[in-house]
Every structure is written in structure tokens, then in C-alpha cells.
J.: 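The structure follows.
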2 protein chains.
Amino acid sequence: MKPRITLKKIAKEFGVSISTVSKALKDSHEISEEVRERIQAFADFYNYKPNSLALQLRNQKTSVIGVIIPEIVHHFFSTVIDGIEQYANEKGYNVMVCLSNESYQKEVSNISVLTRGSVDGLIISISRETQENENYQHFDALLNDDFPLVLFDRIHDKLQCDKVIIDDVGGAYKAANHLIDIGSKRIALITTQDYVTVGSLRKEGYIKSLKNHGIVIDESLIYKIDDNQNLYEQIEKVINVQNPPDAILAVNEIYAANALKIAKERGLTIPDDIAIIGFTSGLISEFTSPPLTSVVQHGYLMGKQAAELLINRIENTAPKEFQKEVISTNLKIRKSTKR
Amino acid sequence: MKPRITLKKIAKEFGVSISTVSKALKDSHEISEEVRERIQAFADFYNYKPNSLALQLRNQKTSVIGVIIPEIVHHFFSTVIDGIEQYANEKGYNVMVCLSNESYQKEVSNISVLTRGSVDGLIISISRETQENENYQHFDALLNDDFPLVLFDRIHDKLQCDKVIIDDVGGAYKAANHLIDIGSKRIALITTQDYVTVGSLRKEGYIKSLKNHGIVIDESLIYKIDDNQNLYEQIEKVINVQNPPDAILAVNEIYAANALKIAKERGLTIPDDIAIIGFTSGLISEFTSPPLTSVVQHGYLMGKQAAELLINRIENTAPKEFQKEVISTNLKIRKSTKR
DNA sequence: TATAAACACGAAAACGTTTGCGCAACTTTA
DNA sequence: TAAAGTTGCGCAAACGTTTTCGTGTTTATA
């Protein structure tokens, strides 16, 4: 790569000082019009751009936001990043993305690298492993230094910082209500392991709905998927039993789509034999047959909110108390629940 | 945010010079064991981390790779980013993601911002608008400065730099061959406007296959989707005609899934009345019914390759001539073409 | 005991920028 | 014509590092 042109080189070229060049390029009236114009023309010709690193160092501000997510190949997370990026850009920030790959170690090291001065703040969704081991010291360290931090989706309540979450309880509640409305009696829940916060919150909404309708909770209808095991086989066990449920609420799109597939393979008709609802943020639900009724999560909005909270925090325009924004869901009713 | 601890502050604390502190923390034998240990303990206690900006400025190296893509909410692009991130990380690089949103202006400004010194190199997939207007001066400017640049997927042949592409011709060729093998006679192609390189390359593969099999090209079977118009209505015109094709090759997953949906709505059975193949990188094809036979594009691999080419270029371990890597596809045969 | 080597640390430059202040030289005012 | 003001530019510090080269003191060698 060719060496980039700097103030120093321009100064040498004209036999003036660096500060003269700097001021000339900023159209300072301290510099005579003649010198100003010659310097500007020269700089223009050589396509001079001030070096960001130098500016960031001097201003003690990078205008970069770091984002750490468990994985990027996941429609929900890409919509969130999209939201973050759009909002951040409007406000003059850039986005640096790192992946934890659901690993505690990578999360720690990502945080460590990004907080060496290269970002002004961090937006994070906690990795599965971290949630599993309940190991949050790396976050404590950040918060001790009052480092601007926003947690989203996979959060931890004990951490004192801004947060934005999906209304998981409400979404599941609405979904279960809908299933009850259309006459479902035995509603199975396909959820994650308990330590995944979103999973357990959705379970909460499911239970709340059933209780409200006077239905006793049948623990045997609650299935907790282990993401390290074979997904298909685990979901088979929900449907391929002597007395299968007449409805399924799945906490994500993949679980729901697999349930639909398996139910059809077993010769069940949907929604008559079994109704299915999934949480979604992707496109699968739209193209299955029948298309899946879904709790739609507005990832884009979530990203925008997270970015807004963070930038307010960075720029000290935020209230002192930490905020917790809740993004509400809506139920997109499709044919998998329409009788 | 609390001010971070620096060498200067540590030096003041101990009444020594900054260089002594720096050396002590690097375990230099120039510094006496006693001083070394006291300084290290102190730095440890206050969780000292060297400031990245200062290092980057001094070393004239950021170890950051910039990535500019048209959009991120697209399974293909997220898999590519995943590949880039994984490889870059192994090599000690971080990734900065920017979105052009298919806009020429944003692409230009992204490039401008990122080349102010904050990244060591750039991986780019060209925006639709840029391709449409054939406006490539911003790239010329980069290449004039020998700025490390890798183009992927949406490339431009005239630009002298490293590139990595999907074997679009080959993928479409294989797909069309497969359709002919299973007995299809009138194969429609649903593709993009000509200026989208991947679209026209896939058309090329389609045409090559048909010609090889002695089939004359029927231009009326080639449909070019305009992404600014309603997708559903445009695809309806492919199927809802007096003499519909007996097979469809679609250049992406969404086109294919919509074609499948419309065909079913029209009462056609798949694959008997009409066979369908799409290009894919996502999950939709797996969950439609019948599941879609697809040309699968290995986005992850593509990302890895792009990152490898770029880092080799940055670190001067690349051959002088620019490389053009071709990622081959494979045909995943599912029930939408199995008679 | 003079000389050489080893030891322990500091000064300063360099990366690229911005900006407050100082200081000549010139121009205006009384 | 002396005092005051204006114009046009340079100096130097600051942001936080690393690293080369000195330098003064102590220890070992002849």
C-alpha cells in the first residue's frame, strides 16, 4: 500500500509548519487566503484525509460501537445488527462486530480486546455458555469502570446497565391464549434449557396463560431441547407418543418448523389434529405449508433501541438510572392455527 | 466512564519514567526485578491494558478488516461474514462491518470512512446501484493507492484486485442438467436484471446446459425480476400462463420459494407438473413442502477465502498477481425435482 | 588501582492530529 | 511619530505507546 499523505508531508512541501497546514485545511482565517488556497488545492489533489486513529487518540473518542453476539448466522441477530447499524450510522458511529460463538472464553476475550480503547461502548447478547455457568465477572469489571454497556435479548438481571429485551412473557402469553381460543386443550411447549433466559421467560408466559384459563400445568408437556443433541429426534418425542398434544408452542422458528415437518410425516393434519405456533424472526414460517402462525420479534427495532440507549449513555444524555426497554411482539396468524 | 489507567499515571505513581514502566510490563531485563514486580502488581491491580489506538498509530497497523456488504439481513451474507470473522480472528484481526444498503452513496462514504486509517484492508460485495450505474471510480481510487482489497460475490471484472466468487455458471449448469435429466422440456429461468453479475452468470450456465442438450433457447421463458416491483406478482406471470413451463430454475431462494407457493396455489403438483430448483444459502428450502432441490452456495467458505486473500495481501505474503478464487457449489437434491 | 564490563534507568523521537499562545511584521489611529 | 491594533504564522503540548540510544553508578577484571 502506498504511504498516505499527512499534514507533515504537506507542510514540508510548502516549507510551512504542520499547524499552518492544519489550520489552512480547516479554512481558518488565521491563515492568509493565498496560502490557504494553495494548500487546499494540494491536499485535494493528493486526496488528503485526516488519519482517524490520530483523531481518535487526540479526542479520546472513537465513534465506534462494539457488538458481541453469540452467532451471526441467525436471522434474528442479523436483524438486530441491521437496526444497530442504521441508527449508529445516523449518529455518526461505526459498528464493529465480534462473535462469541456461544463460548464464554471468546466472549471474555472479545470484551477485553474491544475495551482497549477501540470502541466507545458495547452492545452484547450473552453467550449460552456464560448463561449456563453464571459467570459474569467480566461484565462486573466493565460496569465498575462505568463502561457504556447495553445488553439485549440474552440479558442478566443482576447486571446494572441498560437493557433491551423482547416481551417474551407477553409473546408466549398471547400465543397460548390464541391456541386456547381456537379450542386447543393439551398444549405442548417446546423450549430451551432453563438457563437460557428467553426460553424460561417464554415458558413463564405459557404457564401464565394456561393458569389464567384454569388449565393445570402438565409438566410432561413441557419439552426442553438440548442444543447439543440431535434436534429432530428430540422433537419427534413430542409428537410421536401415544397421546400427542393437540397444539404446540415452540420458542423458535426452527423448533416450530421441525415440529410441523414431523407432524406431517406422522400423518397428522395441521391445524386440525395439531396446531403449531413458533416464535420467529426469519422467513421460514412464511413458506412452510401450512404457513406457521408466529410470534414475530422485531429485531430491527430492538437493535435501534439498543443503539439509542448506548449512544445516549456514551454522550451523557441518558438519565442516570439504567433503562430496561421491552420490545413488544405481535402475533402473525397464519394457517397453522386457523381452523 | 472512568478514565483508564495509562503508563503515564503508573510512572507518576512510582516516580519513574514512562519508558521504565513500559519495559517493566514487558518483563524487560533492563529493569531490576524489584521495580518490575512492583510495577506489574500495580498494573495488574488496576487492570492496565495498553491503549489500542496508540499502538495502532505507532505500529501503523490496526489489525482490523473492514467489510462492506449490501445488506446483512440475508442468510448468504451472514454466512460470509461468519467465515470472514472466524478466519480473521484466528489471524488476530477484528472485523468492522458496514452496510451499503445497495446504495452507491453509502458505499462511497463507507469506503471513505474506513480508509482514513482505521482498517488494514477491505472486503466488499458491490451494491446494486453501483453495478447498475457502472460507477467504479471509488474503487479505482483505492487500487491506485494499492490499498488491500478483496471483492466477493458481486464483483467487477475490470477492477484489478483479488476476488472470490461462487461458481455461478457451473451451479446453474448443473441445476439445468439435472432438470433435463429428470425429463423437463420447457425450463423457465427466474433471474435478476442483467446488471446483477450473479444473475447474468447463472443465466449463462442455464443457457450453456440447454444448448449442450440441443434445446433452443426460448427467450420468453427467461424472466428478469425487478426488485423494486412486487415480487409475488412478477412470479405469478411465470406460472399463471396458458402454457406454463414444466420446470423452473430460480437464481435465489426467495424466488424459488415463491414459485413453489404460487404453483401449489394454482393447483400444480410438484415435481410432477412442475419441478423447481433454487439457489440457496438459507433454511427455507429445507422446510417447504416439498423441500426444494437447491444449488447450495458455501458462503462460509467464501468468507474464509476472502479473508485469507486479504490478509495475505496485507501481510505481503501474497503473489504479486491478483487471485480469483472460485467457490464451487453442489446440488442438494430434494423432493421438488424427484419424480 | 585503573579499566572494562554490567546494570538500571531516563530522554527523546516517532506515529498524526488539533489548538492555545506567543511573536514578529505590518497597518492603523491619535 | 509613537502607541495600539491587526495579520500571519510557528511553537509546543497533548493523546498513549514503543524503542533506540545515552548515561551514571556499581561490580568485576587485570
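By convention in this document, chain letters (A, B, ...) are assigned in the order of the sequence lines, proteins followed by strands, and residues within each chain are numbered from 1. Hydrogens, waters and symmetry mates play no part in the numbers below; they use all other heavy atoms, side chains included.
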J.: Looking at Lys158(B), I want to see if its NZ is surrounded by more than 12 non-hydrogen atoms of other residues, nucleotides or ligands under 6.0 Å.
T.: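 Check fails, neighbour count at 12 or below.
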J.: Take atom CG of Leu57(A) and atom P of dT18(D), then tell me their distance rounded to the nearest Å.
T.: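 Spelled out: CG on Leu57(A) to P on dT18(D) is 13 Å.
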J.: Examine the side chains of Tyr195(A) and Glu132(A) and answer whether a donor and an acceptor come within less than 3.5 Å of each other.
T.: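 Side chains of Tyr195(A) and Glu132(A): pair found under 3.5 Å.
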J.: Check whether Asn110(A) reaches the backbone of Lys106(A) with its side chain - one donor and one acceptor, N or O, closer than 3.5 Å.
T.: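 Side chain of Asn110(A) to backbone of Lys106(A), a donor-acceptor pair under 3.5 Å: yes, one is there.
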J.: Classify Lys49(B) by what it touches in the nucleic acid, base, sugar-phosphate, or nothing, heavy-atom distance under 4.0 Å.
T.: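 Lys49(B): backbone/sugar contact only, no base atoms under 4.0 Å.
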J.: Round to a whole Å and report the spacing from CZ of Arg4(B) to C1' of dT17(D).
T.: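 Atom CZ in Arg4(B) sits about 13 Å away from atom C1' in dT17(D).
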J.: Run through Gln86(B), Glu85(B), Lys91(B) and flag the one making a side chain to side chain donor-acceptor pair (under 3.5 Å) with Asn89(B).
T.: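 In the set Gln86(B), Glu85(B), Lys91(B), the residue that makes a side chain to side chain donor-acceptor pair (under 3.5 Å) with Asn89(B) is Glu85(B).
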J.: How is Ser22(B) classified with respect to the nucleic acid when contacts are heavy atoms under 4.0 Å: base, sugar-phosphate, or nothing?
T.: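 Base contact.
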J.: Let me know the distance between CD of Gln56(B) and C1' of dT18(D), rounded to the nearest Å.
T.: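 From Gln56(B) CD to dT18(D) C1': 15 Å.
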J.: Touch check for Phe14(A), heavy atoms < 4.0 angstrom, all strands: base, sugar-phosphate only, or nothing?
T.: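 Counting heavy atoms under 4.0 Å across all strands, no contact is made by Phe14(A).
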J.: What contact category does Leu53(A) fall into here, base, sugar-phosphate, or nothing, at under 4.0 angstrom with non-hydrogen atoms?
T.: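 Nothing, no heavy atom under 4.0 Å.
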J.: Any base atoms under 4.0 Å from Thr6(B), or only sugar-phosphate, or nothing? Heavy atoms, all strands.
T.: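 Answer is sugar-phosphate: Thr6(B) comes under 4.0 Å of backbone atoms only.
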J.: 5'-most contact on DNA chain C: Ala54(B) or Ser17(B), nearest heavy atom basis?
T.: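 Result of the comparison: Ser17(B).
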J.: What is the distance from NZ of Lys23(A) to P of dC11(D), rounded to the nearest Å?
T.: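 Taking atom P of dC11(D) as the reference, NZ of Lys23(A) is at 11 Å.
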J.: Quick one about Asn135(B) and Thr130(B) (side-chain donor to acceptor, distance below 3.5 Å, no hydrogens or angles considered), yes or no?
T.: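 No, no side-chain donor-acceptor contact under 3.5 Å.
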J.: Over how many whole Å does the gap from Ile31(B) atom CD1 to dT19(D) atom P extend?
T.: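 Ile31(B) atom CD1 is separated from dT19(D) atom P by 14 Å.
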J.: Under 4.0 Å between any heavy atoms, over every strand shown, what does Glu30(B) touch: base, sugar-phosphate, or nothing? Just pick one.
T.: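 Glu30(B): base contact, heavy atoms under 4.0 Å.
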J.: Taking any atom closer than 4.0 angstrom to a non-hydrogen atom of chain A, what span of DNA chain C does the protein reach, first nucleotide to last?
T.: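 Contacts span dC15(C) to dC21(C), reading 5' to 3'.
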J.: Closest nucleotide of DNA chain C for Ser32(B) versus for Lys8(A): which of these residues is on the 5' side?
T.: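 Mapping each residue to its closest nucleotide by heavy atoms, the 5'-most match is Ser32(B).
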J.: To the nearest Å, how far apart are Arg36(A) CZ and dT7(D) P?
T.: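 It works out to 12 Å between those atoms.
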